[in-house]
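One structure is given below, encoded as structure tokens.
Small disclaimer: the values here were computed from a predicted structure and weren't measured. Proteins get letters first, then strands, A, B, ... in listed order; numbering begins at 1 in each.
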Protein chains: 2
Amino acid sequence: MARPKKDDQAEIPTTRREAAKQERRERILEAAQEALRKHGPKGLSMRTLSAQAGLATVTPYKLIGSKAQIVQELLNQMSQTARSQLSAQTFNSPIEKILWLIQPTVEMMRRDPRYVQALTHILFTLGIKPQAHILTSLKSAVWLSVLEEAQAIGLFVPGMTPDAVLLLLVNIFDANGYQWVLGHIDVDQFEARCGFGFTVVLKGIVVAKHWDEVDRSIAAHRRRLDEVGGLSVAP
Amino acid sequence: MARPKKDDQAEIPTTRREAAKQERRERILEAAQEALRKHGPKGLSMRTLSAQAGLATVTPYKLIGSKAQIVQELLNQMSQTARSQLSAQTFNSPIEKILWLIQPTVEMMRRDPRYVQALTHILFTLGIKPQAHILTSLKSAVWLSVLEEAQAIGLFVPGMTPDAVLLLLVNIFDANGYQWVLGHIDVDQFEARCGFGFTVVLKGIVVAKHWDEVDRSIAAHRRRLDEVGGLSVAP
């Protein structure tokens, strides 16, 4: 996973001491992931975390800070991954690119469901209110850049600004993501529901010359929704 | 509020004893509302509740049952209110009727925000998982009947079944409702976001002859979104 980081994201260690510190930070974050995976949302206690990392209890505090800051760092990592995946992809149309936006989350839900579940759970249950904003703003940063690009090439009808479109897509994503975290739907259903929701929303916002492509996409996602039983679970 | 109940919803007390029991049940539910209003989600402890109602601690258990059952009864009340309001309204078009569906919630959020907030909070924090289904199924019952009616008169394009449309509307509603409960947006923003989301979704699902009406509605809701700063808060 040694992808080159973008310049604006890089934190280049300038001295050996910095490099060692950075290495310990990464160990702590890996330990945090593992603790969440193993012990669920409660695994993020500083005690569990330092035990997992084989460090003194105070080290995570010293190097990263509060639990909230660790959560923020973990979310930063996810956002960084999404950004890398996006830049590694090619798309046949701007519509395809927008529909792809849920993929980094879907992949992560499949690969590491317990971790994603625990992390999301923390955002809602530990009373770290600002974290919900952090999650959204990180997601938004990547998503918004794609939507701004789409607006620049004239994809949207007048009045449909990228921030307004973002609201609609994030609504669909959040509602179904929350259902997934609660265990009411599985990843396939999450993916199908988001895809269906995104395509219907796109029909309402793109200029007429893209309607054929969107209509085909709606029909495909509607079929997919039935295949995975996306409507049979109480929404 | 002495609206006649629909036959299929009525629970007609057949004896005096039944009537007295019913009266005490209602007192308990009123006490539950007041306890939630005053003390938040934690107000629903059986102790707080019976104190509030001036009853012995065991009475709520005996008459209604568990905390989960009290929550269910409170949700039933809200659903009943929504149904009454719906049947008391007249609409100029099926589109207007669908856009109206959030109104009972909006009114309740305005009139009794602390109660709605506490009740919703319980659904997510007390681990009463099935309750989230109950909430949705109650909402769905009213909403679905409106969507089935709309389908029957040919409002939707082929493939857009009422259950698929319901999913999209409930997604928009839930995502913004959750933001409201967390205190990230106010009622005006909730209303504007739902209205905007609903109209865009409608554009994607109604047959062409309704597009003019929907387009006007999208434009109006888009302006409203700006008026209330519905996009300025992190979505």
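To the nearest 0.5 angstrom, A:Asp174 atom CG is 11.0 Å from B:Asp174 atom CG. To the nearest 0.5 Å, atoms CG (B:Asp226) and CG (A:Asp163) are separated by 8.0 Å.
Ranked by heavy-atom pairs under 4.5 Å with chain B, the first of A:Arg223, A:Lys203, A:Arg222 is A:Arg222. Taking B:Ile205, B:Val200, B:Val214, B:Ile172 one by one and counting their heavy-atom pairs under 4.5 Å with chain A, the maximum is reached by B:Val200. If you tally non-hydrogen atom pairs under 4.5 Å between each of A:Pro158, A:Ala219, A:Ala164, A:Gly177 and chain B, the highest count goes to A:Ala164.
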**Steps toward side-chain contact (heavy atoms from CB on, under 4.5 Å) verdict (B:Leu166, A:Leu231)** = CA-CA 9 Å; B:Leu166 182 68; A:Leu231 295 172; over 6 Å; no
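Using a 4.5 Å heavy-atom cutoff, the side chains of B:Asp215 and A:Val157 are not in contact.
Defined by atom type and a distance below 3.5 Å, a donor-acceptor pair is present between the side-chain atoms of A:Asn176 and B:Asn171.
Residue B:Ile218 touches chain A through its side chain alone, counting heavy-atom pairs closer than 4.5 Å.
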